[in-house]
Structures are given as C-alpha cells and as structure tokens.
2 protein chains.
Amino acid sequence: MTKARKTVLEVVEQEGSPLSARQIGARIAGHDTATVYRALHYLEEKGLIDSFVLHCDRHGTERYYTTGGACHRHWFHCVECHRFIDLGECVVGDMIEKIGRQKGLAVTGHTFFATGLCADCQAAGKMPGRLPSDTCSTQTD
Amino acid sequence: MTKARKTVLEVVEQEGSPLSARQIGARIAGHDTATVYRALHYLEEKGLIDSFVLHCDRHGTERYYTTGGACHRHWFHCVECHRFIDLGECVVGDMIEKIGRQKGLAVTGHTFFATGLCADCQAAGKMPGRLPSDTCSTQTD
DNA sequence: TCAATTTTGCAAATCATTTGCAAAATACTG
DNA sequence: CAGTATTTTGCAAATGATTTGCAAAATTGA
C-alpha cells in the first residue's frame, strides 16, 4: 500500500461519514487530484471502501466514499446544511434480494439513501423544498 | 405546455422504464440537448416525472427519468445488459421515514435501486463482478 | 545496485449538464 | 387583431467532476 493510498484510506476511515473526492483531496496536502481518484478506485476495488453517487444543489453530483468491508450502512443527507447522518446498518438488503429473486434477478448490490431536513435545520425553521410526497427513486434536493 | 415539453413527457411515459436525457434526446427529432434538459427540469419541478442518478460502466454516471406523480416505483439495473427491470412500488418509504423520525430527521425523499444480473444474463452464464456481498450504499457495476 | 513494474504529478481530454444570448414562440392587453 | 411583454428554444461556449496520456519518481525483484 503506497503512502498516497494509505493517506486516502485514513481520511475516509477517520471521517466517519461520506466524503467526496474533492473533500478528500482538500484534507490531503501534496497529492494530485488524479492520484486521489486513482487511490479511491484502488481502495474500492479492494473492498476497503464503498461509494454512492448523490446530487445536492450545493455540491452538484458527486460520488461519496465511506469505509467499506463488513459494515455497510445507509445515510441521510440534509438538503439544508448538506451534512450526512448515519441511519444505521443496512435494512433493505435482504428485502430487496428476496423481491429480486421472485423475479428471477440476482441482486448483488443496491444504492440507498434518504434526504430531508436534519434536526438542527428543522429547529432553525427551515422548510424542505418539497414537503409531503415521499418520492421513491427520487431525490428532492 | 409547449410542444417540446409535451414530447419529452410522452417519451418518458411511453417508455415505461427509466431513460437518461441522452436516450430521451435520441428518441426526439429536432430538439436541442439544452431544450431536453430544460424540459426535464420543468417536468420534474411540476412533479410529472421523477429521477435518480445511477452509474453503470457502459453509460457512465447519468440521471434517469421515470413517470412521476402518484406512482413511485423502484428499479433493478442489470450490470450486464444494462436494462432496467421494475421492482414494483416503493417498499422502503415508510420504513425509512420511521427510522429517520426516531433520530429527529424529517425524511422527505430517498433514492433506492438495486443492481445485479437479470434472468436473461444469468441464463447466458454471465457472472456479476462482485458476487457475494450485498453492498449497501454501493453500486457494484 | 540495475533493470522492470507500478504509481504519481501535471496537463489536457472527456462527458454529462448548465448557461448566456439573440431569435422564435406564446401570452397578454388594449 | 395588432403590438408588446414574457417565456422558451437553439446554438455555442462554459462548467465541473472525473479520466487519461505521458514522462518522472518511487517501488519491487533479481
């Protein structure tokens, strides 16, 4: 494991919540953007980190990286302060594997995250853009 | 509703499965890419269509659009033939709203989709890239 | 230690998506 | 219905995340 890769992995592990390549690069001094991306690909290939793509109006569409391996978790993204909040371990994996199997599908992965307002932003009186509908397969931010 | 917007909406509604802006543009003659994107933004703003961002190795990272409104569904994406298969109506909305509420979060949206091998590609003997682990918050394609 | 392989930095290229701007289409007013 | 105000469209250029070519630097192996 080269120094660059080790550094990237440490940043992701120490953060505790999802980070974009841009954010990771900003936490690392003296490493090129391309090196960060290549390190992230390497680490994901090795199963050491996981990732998902999320779009928010502040940061645009970016891939976010989290610690991988055994512990797969899901995340909530606040559309106001743009912080991630841990929703706990995966609760949809078994369910979707079963639904898929009934349709003859071999489900090997899934992407899931929720969006809305975190407690702080609700207290600050912020209102989400689109309140009532719980849009499935849709991000409202 | 202008002609361009109506045409885009019809394409999405008639397709029945998610389409990217690129694919929609290809199904429409004589409309600029920018017009297609603006029409999609308009239709999503009006709640007539929904969307989600998915990355696959063949098409890269793209936003896919589906019919919106009352009927929110989830999709399976085959990592081999890159077709979408309907998994049925949303089954995670209530669950995640409840989990979020316990943490003080106001969940207003979520993104969910599964990936793997469809029945046809399994029959054709294709093997998914990463077989066993059901990676949460992760796409394996 | 020297050659072979891999990784890095830099700059340029990609690719989906967005935006400025003037022309075209549509809506509104009298 | 004409005339003006508003919105939408097409085209071209800009954006921004991510990728890639290539030569230098670092690492590995003999």
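Throughout, a chain's letter reflects where its sequence line sits, starting with A, and its residues are numbered from 1.
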message: Under 4.0 Å, heavy atoms only, any strand: does A:Gly30 hit a base, just the sugar-phosphate, or nothing?
response: sugar-phosphate
task = Give me the ring orientation class for B:Phe84 and B:Phe52: parallel if the planes are under 30° apart, tilted from 30 to 60°, perpendicular past 60°.
result = perpendicular
When rounded to whole Å, the NE2 to P distance for the pair B:His31 and C:dA24 reads 16 Å
Applying salt bridge (Lys or Arg N to Asp or Glu O under 4.0 Å) to B:Glu13 and not counting sequence neighbours gives none
Atom CG of B:Asp57 and atom C1' of C:dC15 are separated, to the nearest Å, by 16 Å
So salt bridge (Lys or Arg N to Asp or Glu O under 4.0 Å) across residues 108-117 of chain A, not counting sequence neighbours, yields none
In whole angstroms, the gap separating C1' of C:dT26 from OH of B:Tyr42 amounts to 13 Å
Rounded to whole Å, CG of A:Leu40 lies from C1' of D:dA17 at a distance of 13 Å
Whole-Å distance, A:Lys6 NZ to C:dT7 P, equals 14 Å
With sugar-phosphate taken as primed atoms, P, OP1 and OP2 and all else as base, the protein-contact string of nucleotides 18-30 of chain D at under 4.0 Å (heavy atoms; B, S, -) is BBBB---------
Sorted by chain and residue number, the salt bridge (Lys or Arg N to Asp or Glu O under 4.0 Å) partners of A:Glu10 (sequence neighbours excluded) come out as none
Enumerate, atom names and distances included, each donor-acceptor pair closer than 3.5 Å involving a side-chain atom of residues 31-41 of chain A, sequence neighbours excluded.
{"residue": "A:Asp32", "atom": "OD2", "partner": "A:Ala34", "partner atom": "N", "Å": "2.8"}
{"residue": "A:His41", "atom": "ND1", "partner": "A:Tyr37", "partner atom": "O", "Å": "3.4"}

Whole-Å distance, A:Leu9 CG to C:dT7 P, equals 15 Å
Rounded to whole Å, NZ of A:Lys46 lies from P of C:dT6 at a distance of 12 Å
Those residues at least two apart in sequence (or on a different chain) that pass ring-ring contact (aromatic ring centres under 6.0 Å, His included) with B:His59 are B:His82
Whole-Å distance, A:Gln23 CD to D:dA17 P, equals 11 Å
Heavy atoms under 4.0 Å, any strand shown: does B:Ala39 hit a base, just sugar-phosphate, or nothing?
-> nothing
